[in-house]
Amino acid sequence: MAGQRRQNRILSPDFFKSDALELAPKLIGKYLVREYEGNIFRSIINEVEAYMGEEDLACHASKGRTPRTEVMYREGGHIYIYLIYGMYYMLNIVTGEKDHPQAILIRGTQEVSGPGRLTKFYHIDKSLNTKLLLPETGLWLEESNIELKYKTTPRIGVAYAKEWALKPWRYVAY
DNA sequence: ACAAAGATCCGT
DNA sequence: CGGATCTTTGTA
């Protein structure tokens, strides 16, 4: 039909095989896309945080390989979701090579702020955990032409992580 | 088997 | 600033 919307370029799982610190700023301005029960949700990511390996005390992989963290040891492009405070699902994208546990927490889009509110809004729950970021999964990212300015700050809610809590690994558009 | 803590959010 | 609410993990 005339006037059909151009399909945005889908970011393949391979896109996420580099380091979280390199990828995190690149995710600012990308589309997060969710297909759920026939509805498409598409919004621009404007806040993320990087979690970097076993040394990073804020990273769940600092506990080593456990049933929960196993997915972080897979190659980039996998989805890591966990429940926090008994109520809120956190959406993470695994990054890097196999056996280099890292992830990027998606904290907000232009539609909805806050990682717990975000997953609720987009109907994202643990059923997506360990899946790949692909259209057939119902959750994926797309390229955009939007260039957002961003700043870095320390990560939120990780005061327990000693000196790692000070790393400026939160990226937020302004 | 049990206790403690947690990458949050909301209402007071 | 405290409560909600439950999974994950460490310890015994």
Side-chain angles (χ1 to χ4, degrees), chain A residues 13 16-30 32 34 36 41 43-97 99-133 137 139-141 148 150-174:
Chain A
F16 300 96
K17 286 186 182 174
S18 43
D19 264 13
L21 286 179
E22 181 182 330
L23 283 169
K26 293 185 183 175
L27 297 194
I28 301 294
K30 297 287 193 286
L32 177 70
R34 170 69 166 140
Y36 178 77
F41 303 84
S43 188
I44 294 286
I45 294 169
N46 64 5
E47 183 183 356
V48 302
E49 283 175 0
Y51 289 83
M52 288 291 295
E54 294 184 341
E55 304 99 3
D56 177 4
L57 290 182
C59 181
H60 289 170
S62 64
K63 305 274 187 182
R65 201 184 282 257
T66 67
R68 180 171 70 159
T69 63
E70 181 274 335
V71 64
M72 295 184 78
Y73 288 78
R74 301 192 198 181
E75 60 193 7
H78 288 269
I79 299 167
Y80 170 38
I81 293 175
Y82 63 92
L83 184 70
I84 191 66
Y85 301 120
M87 272 179 264
Y88 303 106
Y89 293 105
M90 300 287 105
L91 168 62
N92 298 257
I93 299 174
V94 175
T95 63
E97 298 293 329
D99 295 323
H100 292 248
Q102 310 174 349
I104 296 173
L105 171 66
I106 309 298
R107 291 189 57 90
T109 67
Q110 291 182 337
E111 274 182 313
V112 52
S113 295
R117 298 185 68 222
L118 181 148
T119 52
K120 186 173 182 183
F121 186 86
Y122 295 114
H123 304 279
I124 291 166
D125 63 23
K126 241 189 137 186
S127 65
L128 294 170
N129 190 38
T130 75
K131 300 238 168 74
L132 281 170
L133 272 182
T137 304
L139 185 67
W140 68 98
L141 265 62
L148 295 178
Y150 65 87
K151 62 180 177 179
T152 63
T153 81
R155 295 169 292 182
I156 305 294
V158 296
Y160 59 85
K162 301 180 181 174
E163 71 268 24
W164 297 91
L166 304 176
K167 303 279 185 187
W169 290 350
R170 171 174 176 253
Y171 300 77
V172 52
Y174 63 89

- Message: For Arg74(A) and Glu70(A): C-alpha separation, side-chain torsions, deciding distance, then whether salt bridge (Lys or Arg N to Asp or Glu O under 4.0 Å) applies.
- Response: CA-CA 7 Å; Arg74(A) 301 192 198 181; Glu70(A) 181 274 335; 3.1 Å; yes
- Show your reasoning for whether side chain to side chain contact (heavy atoms under 4.5 Å, CB included) applies to His60(A) and Lys63(A). CA-CA 6 Å; His60(A) 289 170; Lys63(A) 305 274 187 182; 5.8 Å; no
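With distances taken from any side-chain atom of Tyr88(A) to the nucleotides dA7(B), dT7(C), dC9(B), the minimum falls on dC9(B). With dT8(B), dT8(C), dC9(B) as the choices, the nucleotide that has an atom nearest any side-chain atom of Arg117(A) turns out to be dC9(B). When distances run from any side-chain atom of Lys63(A) to the nucleotides dC6(C), dT8(C), dG10(C), the shortest one goes to dG10(C). Comparing dA7(B), dT7(C), dT9(C) by their closest approach to the side chain of Tyr160(A) singles out dA7(B). In the set dT7(C), dA4(C), dA7(B), dA4(C) carries the atom at the smallest distance from any side-chain atom of Met87(A). Distance from the side chain of Met72(A) is smallest to dA7(B) among dC6(C), dT8(C), dA7(B). Residue Thr66(A) places its side chain closer to dT9(C) than to any other of dT9(C), dA7(B), dT8(B).
Taking side-chain N and O atoms only, His60(A) has a distance below 4.0 Å to OP1 or OP2 of dA7(B). A close approach under 4.0 Å does occur between a side-chain nitrogen or oxygen of Arg68(A) and OP1 or OP2 of dT9(C). Residue Arg170(A) has no polar side-chain atom (N or O) positioned under 4.0 Å from OP1 or OP2 of dA7(B).
The base of dA5(B) does not come close enough to the side chain of Tyr85(A) for any donor and acceptor atom to sit less than 3.5 Å apart.
Distance, Asn92(A) CG to dA7(B) P: 10 Å, rounded to whole Å. Here dT8(C) presents its C1' atom at 15 Å from CE of Met90(A), a figure rounded to the nearest Å. Going from atom OH of Tyr82(A) over to atom C1' of dA5(B) covers 13 Å, rounded to whole Å. What separates CD of Glu47(A) from C1' of dA7(B) is a distance of 11 Å, to the nearest Å. Computed from coordinates, the Tyr80(A) OH to dG6(B) C1' distance equals 11 Å when rounded to whole Å. Rounded to an integer number of Å, the gap from CH2 of Trp164(A) to C1' of dA7(B) is 16 Å. As a whole-Å value, the separation of Tyr89(A) OH from dT5(C) C1' is 11 Å. Regarding Glu70(A), its CD atom lies at a distance of 13 Å from the P atom of dT8(C), rounded to whole Å.
Nucleotide dC2(B): paired with dG10(C) (Watson-Crick or G-U wobble, both distances less than 3.5 Å).
Tyr73(A) pairs in a side chain to side chain donor-acceptor pair (under 3.5 Å) with only one of the listed residues (His100(A), Gln102(A), Glu54(A), Glu97(A)), which is Glu54(A).
With a 4.5 Å cut-off on side-chain heavy atoms, Val48(A) and Ile93(A) do not count as touching.
Nucleic acid contact for Leu83(A): sugar-phosphate only, since backbone atoms but no base atoms lie under 4.0 Å from a heavy atom of the residue. Residue-level contact check: Gly116(A) touches the backbone only, with heavy atoms under 4.0 Å from sugar-phosphate atoms and none from bases. Note on Lys120(A): nothing from the nucleic acid sits closer than 4.0 angstrom, heavy atoms only. No engagement by Arg155(A) is indicated, since no non-hydrogen atom pair under 4.0 Å with the nucleic acid exists.
Annotation: cation-pi geometry satisfied between Lys167(A) and Trp164(A) (NZ/CZ under 6.0 angstrom from ring centroid, within 45° of ring axis).
Rounded to whole Å, the separation between the P atoms of dT5(C) and dC2(B) comes to 22 Å.
Panel note: side chain Thr69(A), backbone Ala61(A); no donor-acceptor pair is recorded below 3.5 Å.
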